[in-house]
Student: 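Questions regarding the structure given below will be posed in turn.
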Amino acid sequence: MASHVYILQCADERYYVGSTRAGLERRVNEHNAGIYSGHTKSRRPVVLAFSQEFDRITDAVTAERKLKGWTHVKKEALIRGD
């Protein structure tokens with residue numbers, strides 16, 4: 001089963017980085033429904049800005065941890081493909 005790391009752009013222009021084994025569209029919909037009580041719940045709606053697929057969830061989680069350490073500017077460059 002494929003896994004993903006993803007970046008959501010929140011309504012306040014902040015970014016949220018996550019990973020999932022579930023379908024990516026499903027996870028974005030869950031964030032928009034307010035199912036998760038964390039960062040995105042008070043910053044809805046969210047829009048998928050970036051995603052990358054991995055064969056293993058461990059690789060997606062490693063990428064998530066890396067991206068969470070990046071600055072806002074560096075995340076924007078990744079989203080633009082720079």
Side-chain angles (χ1 to χ4, degrees):
M1 175 186 278
S3 300
H4 291 86
V5 63
Y6 59 91
I7 300 176
L8 301 177
Q9 184 172 19
C10 300
D12 64 359
E13 303 297 318
R14 293 183 189 190
Y15 292 118
Y16 172 82
V17 178
S19 58
T20 184
R21 265 187 258 211
L24 189 56
E25 184 177 340
R26 173 183 167 187
R27 181 55 58 99
V28 174
N29 289 337
E30 289 171 346
H31 280 285
N32 275 318
I35 291 174
Y36 304 106
S37 62
H39 182 85
T40 59
K41 187 165 187 168
S42 64
R43 294 175 171 89
R44 294 177 286 159
V46 298
V47 176
L48 181 65
F50 171 83
S51 69
Q52 184 176 355
E53 186 174 308
F54 294 89
D55 291 331
R56 300 181 314 179
I57 188 62
T58 54
D59 295 334
V61 170
T62 299
E64 175 187 2
R65 289 181 181 148
K66 179 179 170 184
L67 291 174
K68 282 187 174 185
W70 287 12
T71 65
H72 188 87
V73 171
K74 195 167 180 179
K75 290 173 189 169
E76 286 180 332
L78 175 66
I79 291 165
R80 286 191 313 268
D82 293 346

Student: Please determine whether side-chain contact (heavy atoms from CB on, under 4.5 Å) holds for the pair H39 and R14, giving the CA-CA distance in whole Å, both sets of side-chain angles, and the decisive distance to 0.1 Å.
Tutor: CA-CA 10 Å; H39 182 85; R14 293 183 189 190; 4.1 Å; yes
Student: Would you check if the side chain of R43 reaches a backbone N or O of A11 as a donor-acceptor pair within less than 3.5 Å?
Tutor: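 The answer is no, because no donor-acceptor pair under 3.5 Å joins these two groups.
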Student: Decide yes or no on side-chain contact (heavy atoms from CB on, under 4.5 Å) for K75 and F50, but give the supporting numbers first.
Tutor: CA-CA 9 Å; K75 290 173 189 169; F50 171 83; over 6 Å; no
Student: Got a sec: does the CG of D55 have more than 12 other heavy atoms crowding it under 6.0 Å?
Tutor: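 No.
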Student: Please test F54 against H4 for side-chain contact (heavy atoms from CB on, under 4.5 Å), starting from the C-alpha separation and ending with a verdict.
Tutor: CA-CA 6 Å; F54 294 89; H4 291 86; over 6 Å; no
Student: Can you tell which of R27, H31, K41 makes a side-chain hydrogen bond (donor to acceptor under 3.5 Å, both in side chains) with Y36?
Tutor: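 So the option named by the test is R27.
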Student: Is it true that, when you exclude K66 itself, more than 12 heavy atoms of the residues, nucleotides or ligands shown sit nearer than 6.0 Å to its NZ?
Tutor: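 Not more than 12 within 6.0 Å, no.
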Student: Quick one: do L78 and W70 satisfy side-chain contact (heavy atoms from CB on, under 4.5 Å)? Show the steps, please.
Tutor: CA-CA 10 Å; L78 175 66; W70 287 12; 3.8 Å; yes
Student: Under a 4.5 Å side-chain heavy-atom rule over Ile, Leu, Val, Met, Phe, Trp and Tyr, are V47 and Y6 clustered together?
Tutor: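 No, V47 does not connect to Y6 through the hydrophobic network.
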Student: Locate the shortest heavy-atom distance separating P45 from N32; write the atom from each residue and the value.
Tutor: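 Between these two residues, the closest heavy atoms are CA-OD1, 3.3 Å.
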Student: Within a reach of under 6.0 Å around CZ of R56, are more than 12 heavy atoms found that belong to other residues, nucleotides or ligands?
Tutor: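 Check fails, neighbour count at 12 or below.
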Student: What pair of heavy atoms forms the shortest contact from V28 to V46, and how long is it?
Tutor: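 That would be O-CG2, 4.4 Å.
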Student: What is the distance from atom OG1 of T20 to atom CD of E25, rounded to the nearest 0.5 Å?
Tutor: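 Atom-to-atom, T20:OG1 and E25:CD are 12.5 Å apart.
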Student: Over all heavy atoms of both residues, which pair between T40 and C10 is shortest? Give the atoms and the distance, please.
Tutor: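 Minimum heavy-atom contact is CG2-SG, 4.2 Å.
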Student: Is there a path of hydrophobic side-chain contacts, each under 4.5 Å between heavy atoms, that joins Y16 and L48?
Tutor: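 Result: yes, single cluster for both.
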Student: Using 0.5 Å steps for rounding, measure from the CD1 atom of I7 to the CD atom of E64.
Tutor: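 Going from CD1 on I7 over to CD on E64, the span is 10.5 Å.
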